[in-house]
Visitor: 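First the structure, then my questions, so here it is.
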Number of protein chains: 2
Amino acid sequence: MGETGTGRREATVSDVARVARVSKATAARALGDYGAVSDAVRDRVQRAADELGYRPNALARTMSTGRSHTLGIIIGDIENPFFAKATRGAANVAAEAGYDLILSNSDEEPSVEAKAVAVQLAKQVDGLLIAPASSLEPGNLQPVLDAGRPLVLFDRTVPGVDVDAVITDNRAGARQLTEMMLAAGHRRIAFMSTLAHKGGYRAGDTLSSSAVADRVIGFVETLSAAGIARPEAFVHLNARRDGVDALASRLLDGGDAVTAIIASDSLIALEVFRAAQERGVLIPQQLSLAGFDDAPWMSVTTPGITVVEQPIHEIGAQATRILLHRIRGDGQRPETTILPQTLVERGSVASPKV
Amino acid sequence: MGETGTGRREATVSDVARVARVSKATAARALGDYGAVSDAVRDRVQRAADELGYRPNALARTMSTGRSHTLGIIIGDIENPFFAKATRGAANVAAEAGYDLILSNSDEEPSVEAKAVAVQLAKQVDGLLIAPASSLEPGNLQPVLDAGRPLVLFDRTVPGVDVDAVITDNRAGARQLTEMMLAAGHRRIAFMSTLAHKGGYRAGDTLSSSAVADRVIGFVETLSAAGIARPEAFVHLNARRDGVDALASRLLDGGDAVTAIIASDSLIALEVFRAAQERGVLIPQQLSLAGFDDAPWMSVTTPGITVVEQPIHEIGAQATRILLHRIRGDGQRPETTILPQTLVERGSVASPKV
DNA sequence: CTGAAAGCGCTAACAT
DNA sequence: ATGTTAGCGCTTTCAG
C-alpha cells in the first residue's frame, strides 16, 4: 500500500547475482568496480544488471563504507545573489569530485541553522559548508566538531571555533570605499547594513556577522584617520527592521543627512538607489553611493554604481576544495583564506555640492 | 586512519540501550518517538542518549523504513534568479514538511541532467522536482518513472511523459506583451531567447523548452492575427550562441532592424537594455523593450522595464506540495497546474517614431 | 578470482 | 510495555 509506480521491487545486488549465477560478493565487486573480477564474470554480471534494470542504492553503500559523497551547505537564503553564486561555486567543485549538496536556508536565524546542522549530520554528510548565522555563538557548530565531521565556514568566521574559513578582505574593501568618498570631499558618509544589532552601534561592539564587523571597522578607522569625529555615529545597522526606505529618508534629507552612503550589499544598494530616485535626490550630484558586491544591473542604471567586488564564486569553490581536502584526511592546522576585494568604479560617486 | 576528529565512534542505539539498561528496540522506540514506552524508561533512555551524545543516523533509518525525507531538485543553474526563487519556494515547503533538498545544476545539458537523475535516485530521494533540460526527450525522466519515484516537473513540461507539472501561462503572457507592442503601434517586433535551436525558427518547429515554445506560439499567433507577414522571421533563438550583443546590434540598427524587442527572460532583458544603452539607442523613444520575469532592478533603471511577471516562488512551492502529496500516496491522475502571468507596466514601451 | 558470512545502525514484526 | 530476532542493500574480511 502506498507503493507508487509499478510496485515491482527494485533489483538488488542479490538479484543480479542470482541471475548472473555468481555470489553476491562477486556481483557487488563487478557492479561497484572494486576488488578483482574476471572479465567473463564482469560481463555476465553487467548483462544481468541491465536486464533487471539494477540501480545501486547509495545509502546502503554509505552504511557500509561510511562515506556518503554528500556535502551539506547551510546559507542564509538561496535567493540572495551572494549565496546563489557561492553555492554554484561550491556545487561545481563538488560535482567535479563526485559529491552532491544538501542545501539548507537558515534565514540567518541561529535556531533554524541549528536544526539544519542536526539534520545534515543525521544524513551523514561527509562535510559541511556553512555561512554561519552568527559569528558570536559557536554553539551551532559544536555538534559538527563533536561528530568529527569536517567543516569549512565561508563569508563569515566564528572567532573561537578553530576551523577553516574562506572570506574576503572586507576591512580593506571598506577602507577603499571610504577613502574614495573622503577623497571626493565627503565628510558625512553613512555605512548601512541590514544586520540586526541591539541598540545603536558603539565603538567596540561585536557584531553578529564578522563580514559586516570587518566592514564597519574598515569604515570607522578610515573616517577616524581622516579626523572625522564620532565615526560610529555614521554606522547604521538594523536597516531591515527599521526599513531601508525610512532609514534612507533620514539619511537623505532628515536630521542625519549625509552626502554619501556605503551600502553593505547589493540588495541595500538597490534600495538606497530606489529611495533616492523616489525622493528626486540625484546620484551622484546630491548623493554619492557605493557598495559591496557587484551585480549585473549595476552597470545599466543611470549612473552605474561603484562597488567593491568579491570573487563570490571562488569563495564557494575554494571553501569546497578545502573541505574536500579535509575529508580526504588532511591533517593541517585550520586556516582562514582571505580573498581580495577589488574596486569597480562607475558613476555613482562625485564630490558633494558645497 | 583517515578518521577525522576525536576518533571516538559515534554512539548508536545499541550503546544508548546498554547504558539505559533496556533493549535496543526499547531504546529505539524512545529515541525515535514511535511505539509505546513508559515515561520512566523514556527518561532513562533520553538521559543515556544525552550522556553519550547520541546522534541518530538518518540513513540507517531510511534503510529500514524506505523513506529518506529527502527530495531531489534538478534545475538549470542556481545562479539564475528564476531557479533561485523557485528553489527557495520548494525549500520552504519541503522544510515545513520535514524534507531536505539535494540540489543539482544541469546547465540545461541533458547528459548532465541524466547523471543527476541517476545519482539522486541512488541516494533514495523520496521524489524529484525537475525543470527538464529538454521538453523533447523523455528519456532522462524514464529512470524516475521506472524506479516508481514520484516526479513533478516545473517551468517546462515534457509532452508524452504523464506526470504532474507546474508551469505558467506563457502563451497568454506572450500574447499580452505582443498585443501591448502592437497597440503602441509597433509592426516590427522581435522575440529573443537564448534557447538553443538548430537553424532559424520555422513555423511548426518544436523547441526544446516548452516554456519558450509557448511564448513563441503566443507571440507568433498574435502577430499573425494582426496581419503581420512571416511572423516567424521575428523569432530569434540561440541568443547565447550568437551573442545577445551581436544579435541586439542587428536588431537595433542592422538589416533586421525592429522597433520593439520582447526578451524571453530577465537576463536577456538586461543584456538588450545594455546593448541599447551602449549604442545610444534610447528606450523607449527609439526602441521599446519588454520581457518575461520581473526583477528588483527593473524598477530603478531609466526607464523602468515593462514585464510580464510569473509567481516564481509559487511555482516551486506548488510543485513541491504536489510532490509531497504523491509521496504520501495520492492516486489521482497527473495534472498540469498552470499559474497566471501578470503584466507589470513601467516605462520601456512607447509608440515607435514615424 | 570467487564465495560465505558478518556487519553498518536502525526499524519492524513477533513474541512475552 | 518491553525484549528477540530478522532484515534493509551493500561492502568487507576471511577462506578457499
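Heavy-atom basis, side chains included; hydrogens, waters and symmetry copies ignored.
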Visitor: Grab the two heavy atoms, one from A:V117 and one from A:P143, that are nearest each other, plus how far apart they are.
Guide: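 Result for this residue pair: CG1-CB, 4.3 Å.
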
Visitor: Determine, for nucleotides 3-13 of chain C in 5'-to-3' order, which nucleotides have protein heavy atoms under 4.0 Å from the base (write B), from only the sugar-phosphate (write S), or from neither (write -).
Guide: BB--BBBBBBB

Visitor: If the test is side chain to side chain contact (heavy atoms under 4.5 Å, CB included), which one of A:I130, A:I73, A:L323 qualifies with A:V152?
Guide: A:L323

Visitor: Give the minimum heavy-atom separation between B:P138 and B:V161, together with the two atoms involved.
Guide: CB-CG2, 3.3 Å

Visitor: Measure the spacing between CZ of B:F83 and CG of B:D77 and express it to the nearest 0.5 Å.
Guide: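 Going from CZ on B:F83 over to CG on B:D77, the span is 8.0 Å.
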
Visitor: Heavy-atom count around B:Q142 CD within 6.0 Å, excluding the residue itself: above 12?
Guide: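 Atom CD in B:Q142 is packed in, count exceeds 12.
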
Visitor: In terms of ring plane angle, is the pair B:Y99 and B:H69 parallel, tilted or perpendicular, where the classes change at 30° and 60°?
Guide: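 Answer is tilted, since the angle falls between 30° and 60°.
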
Visitor: Using the heavy-atom set of chain B and a strict 4.0 Å cut-off, write down the first and last nucleotide of DNA chain D that makes it in, 5' to 3'.
Guide: D:dA1 to D:dG9

Visitor: How close do B:T320 and B:L129 get, counting heavy atoms only, and between which atoms?
Guide: OG1-CD2, 3.5 Å

